*Asks:* 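Attaching a single structure in structure tokens format; questions to follow.
Every heavy atom of this structure was used, including side-chain atoms; hydrogens, water molecules and symmetry mates were not. The sequence lines fix the lettering, A, B, ..., with proteins before strands; numbering per chain opens at 1. Since the model is a prediction, treat every value here as computed from it, not as a measurement.
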Amino acid sequence: MKGLFTLLACAFALSMSLAHASPAKPQRVVSMNLCTDQLLMLLADPERIASVSYLSTEPDSSFVADKVLAAGYPLNHNRVEEIIPLQPDLIITGQYLHLQEAQLLRTLGFRVETFPVFNNLADVKANIQRLADLLGEPQRGKDMIAAMDARLDTLLQAVPKAPRPALSYHARGYTQGSNTLLHELMQLAGWHNIAADLGIQGYGPIDLESLVLAGPHALIVSHFAPGTRSLGQEYLSHPVLKQLTDGRPPIALDARLLICGGPMNLIALEKLIEARNAD
Amino acid sequence: MSLLSIQALNVTLAGRHILKDASLSLARGELLGLVGPNGAGKSTLLKTLAGLIAPDSGQLTLAEAQLDALPRDQRARQIAYLAQERTAHWPLTVQRIVALGRFPHLADWQQPSEADRAIIDRAIIAADIDHLRQRRFNTLSGGEGMRVLLARALAVDADVLLADEPISALDPAHALSVMQLLRDTCERGHAVIAVLHDLTLAARFCHQLVLLHQGEVIAHGAPQYVLNDTNLSRAYHVTPWQAGEDDAIILPWHLCKPDTHREG
Amino acid sequence: MPIESPRLWSQRQLLLVGGALVSVLFVLSLFIGQNPLPVLLAAGQSDADISATVQMIFTQIRLPRALITLVIGASLGLCGAAMQSLLRNPLATPGLVGSSSGAALFAVLVFYLGGGVMSWLLMPLAGTLGSLLAMAFVFALAGRDSSIVTLILAGVAVNSLALSLISLVLNLAPSPYAVQEIVLWTLGSVANKSLRDFLLLMPATLAGWWLLRGIGPSLNTLTLGEDTAATLGVNISRLRWRVFLAVSLAIGAAVSTAGSIAFVGLVVPHLLRPLVGYEPGRLLPLSAIGGAALLLAADIVVRLFPGHLDIKIGVITSMVGAPFFLYLIVRTRRTQL
């Protein structure tokens, strides 16, 4: 116990001295969260990234897994003792994850900035601009958002007018209702999200009977960890789902396109529009 | 002609030589009392005859057939066994417990016939438990329970009845009526072997006694021959006690209820 | 317990009444769901889309679920009665002596670490093997004429070992969802099952039931102890292995389909035993019917909760069963220890 206190005291003293020396543009940025990892990779100069979280190397979850692996950044597992020796001048993470670690790091004098959850493209853009500002590179944020808007405009030209009913269905019987990014993307792509009609807000469970009764024309699935098996994933192979959509395969979106906010969300939108047009 | 005979039987249990060259024979209509001190091997002998323990060596014959060559179900029909265990794990009614005795006679899915029911009734009446038919076993007194289990063994209607301590823990009246019942069973053409500790009743009811001592048959024959001074002191370390004139003694008793079995 | 027990109903009457109850519950469970009855609503409509939807809900969702619940309930009731009768011990049920958790462990191993179609077919067999091993282990640990205490202690040991191994397997499983699924295996759930699950359940279940057919009279003789039963011509060790194998087949299939649903095998035989005059042979079929009725009723209760509350069926059976179990322990303590 005493040893731990000594360690903490040393770390504290060390970090205080670092905090004072922190320049306007953070030079050693640590990200503790998959979503901030990805934005950081897209916005920051490589030499300013001190560490990203281990999840950013998982190809199922991370859109930048290849880049992270190629760059060989130190990976952190959201542990305080991993982060202190990196001597970061900016730590970024999600709003609701690793609260204790973030609080401890703040107590030790580190600068910790948290990013709120995103429920639509506007939130995503706000997070992009916020990180760009924190990095001292506001123009890069503006450029990225402008590129996204331009891409959005191009994509939306091909959207059919009349929306068709659809519903997302994920492992363990979860769906995305109103106030979710997927809900907005579905609307943009010409799909009517009937989960929202059922009063589901955010990410919530839907029982199979309600799903069948709702009568979606298409199902949207995103296979997380494909090739693995669990009872939760079995929900997606219930034979009634195939019968429900007259044997048409569901619209499959890679999980990594939607887990976090960023330009990759538009790839998901593109696939939704393609599916709507092919229908 | 003997119905059941044992020649040079040896039994070893958990490394202990329990029965040593034991031999005996029994004819139809005979009641054989198996006596001897605790641990002499009486129950082991009975269990071996019942097929519960495999002997190391020896000849067991039943009506001139090798006992160990008999199929399981045929053996069950020919030898009934009354265990020392006096419990019923489920509180069945007396009627249903006695009816279990017909198990060896019924094929799979076969319901008891009229003949089976008649045998069950006969066993129930013989054991004087007619008034208990619908009672649950766990509500019976020790004596009643004993008679029910005996009736169950009688209901097998086997040639040979093996009874392990049928009168231990019974009061004098019940002990007497059970001994009488065993005797009556013999008179109907069955043969009975009973493990007994009450030498007085053994001497009075049994046609022959077998005295076991440390796994050996040390005497075999009529009660007055087996229960002599030498044998008793060797097996039990006791001698017959002669009552003096002033000593209070309990004499061998008779049942005095008017409706009980006749005295043989 | 009454001294004289006039038999109110014959076996035939009991089976008929029980069968009628199961039929009613089965039909009810087809018509009760998380959603208000769409059937009557659909009957008045000529809209082909709606009737197709209702048909889908009936044939693909509710029918498989009701069938699976019926069969598993019957297996649990039957196996509980068979085990209690064999071991002459009112607490010796598949759930308590570890055979359910043994089955769950092996089914989990095959399910999460295996793959492909073969593993689907192998799951009931793996469950059977796990159940058999657990039972043999408890039996070896507790001994032949086991007292209630040793049996329960051995069961506790096997159950907690199996539980920790299940948890380990789920942690090591490649799927990120596996870790959260321990509750599905330990409490049991019949939700989201399809006809395919029902078809996979049946072979081993029917094999188990088949093995128990006609076993009643032999179990009756065990009332007077193994020695007496043996001298009545019962081959005790064959009987024992027959019951163990039958229970393992039926429980292995049930657990690999719906996890280990607790307490049905304990409660049902107990409630019904007085009705059949405590006779093991007569208890078996009635207990199967009672198990089916109880599980169907529990599943109806589960479905009365709003759809987003995914209550597991094992929660309901445990809520009924655990107080009953305590009551049994107290009563057994008073009478037997």
*Asks:* Could you pull out all donor-acceptor pairs under 3.5 Å where a side-chain atom in residues 62-70 of chain A meets a protein atom, sequence neighbours excluded?
*Replies:*
from, atom 1, to, atom 2, distance (Å)
Ser62(A), OG, Ser56(A), O, 2.7
Ser62(A), OG, Val64(A), N, 3.1
Ser62(A), OG, Ala65(A), N, 3.2

*Asks:* Looking at side-chain heavy atoms only, is the closest gap between Phe111(C) and Glu234(A) below 4.5 Å?
*Replies:*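 With C-beta onward as the side chain, the pair touches.
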
*Asks:* About how many Å separate CG of Leu213(A) and OG1 of Thr53(C), when rounded to the nearest 0.5 Å?
*Replies:*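 So the OG1 of Thr53(C) and the CG of Leu213(A) are separated by 7.0 Å.
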
*Asks:* In the structure I gave you, are the side-chain heavy atoms of Lys193(C) and His238(A) within less than 4.5 Å of one another anywhere?
*Replies:*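 A side-chain contact is absent here, since even the closest heavy-atom pair is not under 4.5 Å.
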
*Asks:* To the closest 0.5 Å, what do you measure between CG (Leu184(C)) and OG (Ser230(A))?
*Replies:*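 Output value for this atom pair is 9.5 Å.
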
*Asks:* Test salt bridge (charged side-chain N to carboxylate O under 4.0 Å, His left out) on Glu181(C) and Arg172(A); report intermediate values, then the result.
*Replies:* CA-CA 10 Å; Glu181(C) 293 183 349; Arg172(A) 295 195 288 131; 6.0 Å; no

*Asks:* Any idea which of Ala191(C), Pro176(C), Pro64(C), Ala178(C) has the most non-hydrogen atom pairs under 4.5 angstrom with chain A?
*Replies:*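 Looking at each option in turn, the highest pair count goes to Pro176(C).
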
*Asks:* Indicate yes or no: at least one non-hydrogen side-chain atom of Tyr177(C) is less than 4.5 angstrom from one of Thr228(A).
*Replies:*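 A side-chain contact under 4.5 Å is absent here.
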
*Asks:* CZ/Arg62(C) to CG/Leu208(A) distance, rounded to the nearest 0.5 angstrom?
*Replies:*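 Result: 11.0 Å between the selected atoms.
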
*Asks:* Do Pro239(A) and Leu195(C) make a side-chain contact, defined as non-hydrogen atoms from C-beta onward lying under 4.5 Å apart?
*Replies:*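 Of all side-chain heavy-atom pairs linking Leu195(C) with Pro239(A), none is under 4.5 Å.
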
*Asks:* Can you pull the side-chain hydrogen bond (donor to acceptor under 3.5 Å, both in side chains) pairs that have at least one residue in residues 197-206 of chain A, sequence neighbours excluded?
*Replies:*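 Residue pairs passing side-chain hydrogen bond (donor to acceptor under 3.5 Å, both in side chains), neighbours aside: His192(A)-Asp197(A).
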
*Asks:* Just verifying a value: how many Å separate Ile61(C) CD1 and Asp207(A) CG, rounded to the nearest 0.5 Å?
*Replies:*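 Here the rounded value is 8.0 Å.
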
*Asks:* Give, as side chain, backbone, both or neither, the part of Leu244(A) having an atom under 4.5 angstrom from any heavy atom of chain C.
*Replies:*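 Both parts, backbone and side chain.
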
